[in-house]
There are 2 protein chains.
Amino acid sequence: MPRKLSTLDPQRLDNQICFAVYSAAHAFNRVYKPLLDRLGLTYPQYLVMLVLWERDDVPVKDIGERLFLDSGTLTPLLKRLEAAHLVKRTRSSEDERQVLIALTPQGHALKEKARSVPPSILAASDCSVSELVAMKDEIVALRDRLNAVIGE
Amino acid sequence: MPRKLSTLDPQRLDNQICFAVYSAAHAFNRVYKPLLDRLGLTYPQYLVMLVLWERDDVPVKDIGERLFLDSGTLTPLLKRLEAAHLVKRTRSSEDERQVLIALTPQGHALKEKARSVPPSILAASDCSVSELVAMKDEIVALRDRLNAVIGE
DNA sequence: CCAGATTCAATTGCGAACAATTAAATGTGA
DNA sequence: TCACATTTAATTGTTCGCAATTGAATCTGG
């Protein structure tokens, strides 16, 4: 007989908050896909564009800190965005170690086309804005606590 | 001047619940990594093992429905678990289309070694069980609403 | 001034994740 | 029965995500 009731079993899949988060992330990805296809972006590329729409001409490292991604992920992704003529990569003249990422005119223009994305996601969430904001804040707080123990 | 205050701007990264979920999933992954390294598992492999520890001798499709993954992801992953002698893949005799996944003795035994994982995650979450359960239920409900609109 | 440490991006290699296709087995209706 | 559709895994190709390493530029202490 099992040591614990399954609803309390810490090794049960449905009791894992990590799986809830993992599977929700994939569900978001699938909802975003058709919307982003029309923009010619993948979801991680869309996140990079959100960062750059707030402020561009920033080094790769800044984007990485914002999105919790490293150069192994960002370098090839940014090269693809450059190949799509959405960004320009130029080595900084003040510090030759840095590569600055700037939006092209097309990159700036895409922000307008992307304006319909968040409302579509909101609709798919089938949830009030205030509920979503509350959930977001809780999830961000959890994420930050997890990230805090990574260097323990 | 910007059209909206940034705290309300739907195109601002920090206002995206999807990014909260996405970045929390990666944070979980990083916390799990050192724990799972000792078991010789990656995080998605750990999820498959959680499914199989509940019930094994199941077709690939069942695992996929449980984890929201398809054969393109699972086939190579299961081959790696087989190479690690944790599962055995055998074609069903009743329905030759299906490949049944069964745990090996080592696969069963790993469940005991994995028992320390959930408490470590709980500790890293720095949060009460009841709060985590409440968050999990909210996230699962959101995930299910998102998945519901995928075939719209 | 300069040797050694640090920072930054790029690279390599591996394991997901998924779309699209393929091939084989099974199910179905006329 | 048998042509045709459906189901199931496997395969192929592209893109992430990260660990580990490399190499160049910059910083720092003596």
Side-chain angles (χ1 to χ4, degrees), chain A residues 18-19 22-34 36-37 40-49 58-65 67-84 87 89-101 147 150-151, chain B residues 18-19 22-34 36-37 40-49 58-65 67-84 87 89-101 147 150-151:
Chain A
C18 63
F19 176 62
Y22 168 91
S23 55
H26 290 311
F28 268 119
N29 217 327
R30 286 181 212 113
V31 172
Y32 268 104
K33 180 138 205 332
L36 296 181
D37 277 350
L41 295 175
T42 65
Y43 179 68
Q45 288 169 6
Y46 174 67
L47 291 181
V48 169
M49 294 302 286
V58 292
V60 174
K61 186 175 198 297
D62 286 20
I63 301 173
E65 283 175 356
L67 300 179
F68 306 99
L69 296 173
D70 68 4
S71 69
T73 300
L74 288 173
T75 296
L77 187 155
L78 290 166
K79 284 183 178 176
R80 284 187 283 270
L81 288 180
E82 187 175 46
V87 307
R89 300 160 61 247
T90 45
R91 221 157 253 284
S92 165
S93 51
E94 291 125 41
D95 185 343
E96 296 264 337
R97 291 170 302 183
Q98 296 183 343
V99 169
L100 299 178
I101 308 299
N147 278 333
I150 282 177
Chain B
C18 62
F19 176 62
Y22 168 91
S23 55
H26 290 311
F28 268 118
N29 217 327
R30 286 180 213 115
V31 172
Y32 269 103
K33 181 138 205 332
L36 296 181
D37 276 350
L41 295 174
T42 65
Y43 180 68
Q45 289 169 5
Y46 174 67
L47 292 181
V48 169
M49 294 302 286
V58 292
V60 174
K61 185 174 200 295
D62 286 20
I63 300 174
E65 282 174 357
L67 299 179
F68 307 98
L69 297 173
D70 68 5
S71 69
T73 300
L74 288 174
T75 295
L77 187 155
L78 291 166
K79 285 183 178 176
R80 284 187 282 270
L81 288 181
E82 187 174 46
V87 306
R89 300 159 62 248
T90 44
R91 221 156 256 282
S92 164
S93 51
E94 291 124 44
D95 185 341
E96 296 264 337
R97 291 171 302 183
Q98 296 184 343
V99 168
L100 300 178
I101 308 300
N147 278 333
I150 282 176

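These values consider heavy atoms only, across backbone and side chains, with no hydrogens, waters or symmetry-generated copies. Each chain gets a letter, A, B and so on, in the order its sequence line appears, and its residues count up from 1.
Taking the six-membered ring for Trp and thresholds of 30 and 60 degrees, A:His26 and A:Tyr22 have ring planes more than 60 degrees apart, a perpendicular arrangement. Using the six-membered ring where Trp is involved, B:Phe28 and B:Tyr32 have ring planes that are tilted, between 30° and 60° apart. Taking the six-membered ring for Trp and thresholds of 30 and 60 degrees, B:Phe19 and A:Phe68 have nearly parallel ring planes, at less than 30 degrees apart.
Residues A:Arg89 and A:Leu100 have side chains not in contact (no heavy-atom distance under 4.5 Å, counting atoms from C-beta outward).
With DNA chain D read from its 5' end, the first of the two nearest nucleotides for A:Ser93 and A:Leu69 is the one closest to A:Leu69. Nearest-nucleotide assignment on DNA chain D puts the 5′-proximal partner with B:Tyr22, out of B:Tyr22 and A:Asp95. A residue-by-residue look at B:Pro44 and A:Ser71 shows that A:Ser71 has its nearest nucleotide of DNA chain C further toward the 5' end. For A:Ala27 and A:Lys61, each mapped to the nucleotide of DNA chain C holding its nearest heavy atom, the one lying further toward the 5' end belongs to A:Lys61.
The distance from atom CG of A:Asn29 to atom C1' of C:dA16 is 12 Å, rounded to the nearest whole Å. Rounded to whole angstrom, the span from the OH atom of B:Tyr32 across to the C1' atom of D:dG17 amounts to 18 Å. Rounded to an integer number of Å, the gap from B:Leu74 CG to D:dT11 C1' is 14 Å. The CD1-C1' distance, from A:Ile63 to D:dG17, rounds to 16 Å in whole Å. The distance from atom OH of B:Tyr43 to atom C1' of D:dA19 is 20 Å, rounded to the nearest whole Å. Separating the CZ atom of A:Arg30 from the C1' atom of C:dA16 is a distance of 13 Å, rounded to the nearest angstrom. Taking atom CG on B:Leu78 and atom C1' on C:dA16, their separation rounds to 13 Å, with Å as the unit. Between the C1' atom of D:dA10 and the CD atom of B:Glu96 lies a distance of 15 Å, rounded to the nearest Å.
Checking the phosphate oxygens (OP1, OP2) of C:dA16, a side-chain nitrogen or oxygen of B:Arg80 falls inside 4.0 Å. Between A:Lys79 and D:dT15 there is no side-chain N or O to OP1 or OP2 distance below 4.0 Å. OP1 or OP2 of C:dA16 has at least one side-chain nitrogen or oxygen of B:Gln45 nearer than 4.0 Å. Note on B:Arg91: every side-chain N or O is 4.0 Å or more away from OP1 and OP2 of C:dA24. Not one side-chain nitrogen or oxygen of B:His26 sits closer than 4.0 Å to the OP1 or OP2 atom of D:dC16. Between A:Thr75 and C:dA10 there is a side-chain polar atom (N or O) within less than 4.0 angstrom of OP1 or OP2. Here A:Arg89 reaches the OP1 or OP2 of C:dA10: one of its side-chain N or O atoms lies under 4.0 Å away.
What you find for A:Ser71 and A:Pro76 is that their closest heavy atoms are O-CD, 3.9 Å.
Going from atom CD1 of B:Ile63 over to atom CG of B:Asp70 covers 13.0 Å, rounded to the nearest 0.5 Å.
B:Thr73 contributes no side-chain N or O that forms a donor-acceptor pair with the base of C:dA16 under 3.5 Å.
Picking from C:dT26, C:dA10, D:dA24 the nucleotide with the shortest atom distance to the side chain of A:Arg97 gives D:dA24.
Across all strands, A:Leu77 comes closer than 4.0 Å only to sugar-phosphate atoms, never to a base (heavy-atom distances). Within the 4.0 angstrom heavy-atom criterion, only backbone atoms of the sugar-phosphate kind lie near A:Pro59; the bases stay farther away. At a threshold of 4.0 angstrom between heavy atoms, the contacts of A:Thr42 are confined to the sugar-phosphate backbone, with no base atom among them.
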